[in-house]
Amino acid sequence: MNRCQWCGRVPSGFGMVVLTIKEDEPSQSLCRDCYNEFAANMLGIEDYKDFEKEATFIDCDGIEHRFQIGKMINPTGICWEAVEFIGENKIGYSFEVHQDFEEDSNDALERLYKKIKKGLSKKFIRKEVVQGQELISIKENVVEGRIEWDDRYDDRTPKFIIDGQEYSLEEFGRILMSCEGWNFRLEIIEPTE
Ligand SMILES: [Zn+2]
């Protein structure tokens with residue numbers, strides 16, 4: 001397991017940040033806390049640390065989801081993230097909001113919490129068992145989710161995280177076959193939107 005080169009700790013689920021301070025010096029592998037402290041000093045802003053690092057929410061089916069809450073201080077603002085780590089290299093639900101430096105971190109966190117609640121308040125995929133067979137279909141003709149790289153394939157094959165669950169391209173294609181012959185509209189949305 002990689003340790004942070006500054007504090008020696010093994011990082012949380014969010015992993016490491018690779019930092020290059022000077023071009024001719026080797027880059028360093030840092031935990032998020034050390035990176036954020038460095039970035040805050042450099043940008044002359046406060047490194048707000050007084051927030052819950054973990055939060056549990058319940059979705060519309062009564063299922064619990066535990067999120068790790070973290071942030072990344074970027075030159076353009078702060079990115080707050082709530083990520084549901086569900087196994088090695090596996091992420092279920094994931095939510096992000098952007099905070100401008102002028103905004104209060106607590107307000108940004110409130111927006112993040114609201115976004116989580118909204119995200120968990122409805123599901124897009126319906127699973128039912130009909131005569132012993134599992135049928136998976138789209139609930140109301142709209143699907144929202146996240147596009148990720150499917151590392152089971154060498155090339156650029158996506159997978160889709162919908163309702164916090166993974167669907168391969170093939171599985172998602174099969175779901176779409178319940179709408180064979182229909183038209184569709186695809187819209188790509190930034191994670192902080
Ligand atoms: Zn560290």
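Scope of the values below: all heavy atoms of this structure, side chains included, with no hydrogens, waters or symmetry mates. Whatever order the structure lists them in is the order used to number ligands and atoms, beginning at 1. In this chain, numbering begins with 1 at the start of the sequence shown.
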| field | For the student: nearest non-hydrogen atoms of I138 and R126, plus distance | value |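 For I138 and R126, the tightest heavy-atom pair comes out as O-NH1, 4.5 Å.
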
| request: Applying side chain to side chain donor-acceptor pair (under 3.5 Å), name anything that partners K127, two or more places apart in sequence or on another chain. | output: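 Partners of K127 under the side chain to side chain donor-acceptor pair (under 3.5 Å) test: Q165.
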
| R152: side chain to side chain donor-acceptor pair (under 3.5 Å) partners, not counting sequence neighbours | D150

| message | Below the 2.8 Å mark, what number of protein N, O or S atoms do you get around the Zn ion (ligand 1)? | response |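 N, O or S atoms of the protein closer than 2.8 Å: 4.
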
Tell me which donor-acceptor pairs under 3.5 Å the side chains of residues 4-15 have, and how far apart each pair is, sequence neighbours excluded?
unit_1 : atom_1 : unit_2 : atom_2 : d
Q5     : OE1    : S29    : N      : 2.6
W6     : NE1    : Q28    : OE1    : 2.8

| task | Give a yes or no on whether the backbone of E102 and the side-chain of D100 come within a donor-acceptor separation of less than 3.5 Å. | result |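 Not confirmed, D100 side chain does not pair with E102 backbone.
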
| task | Could you tell me whether the side chain of R146 and the main chain of F95 form a donor-acceptor pair under 3.5 Å? | result | no

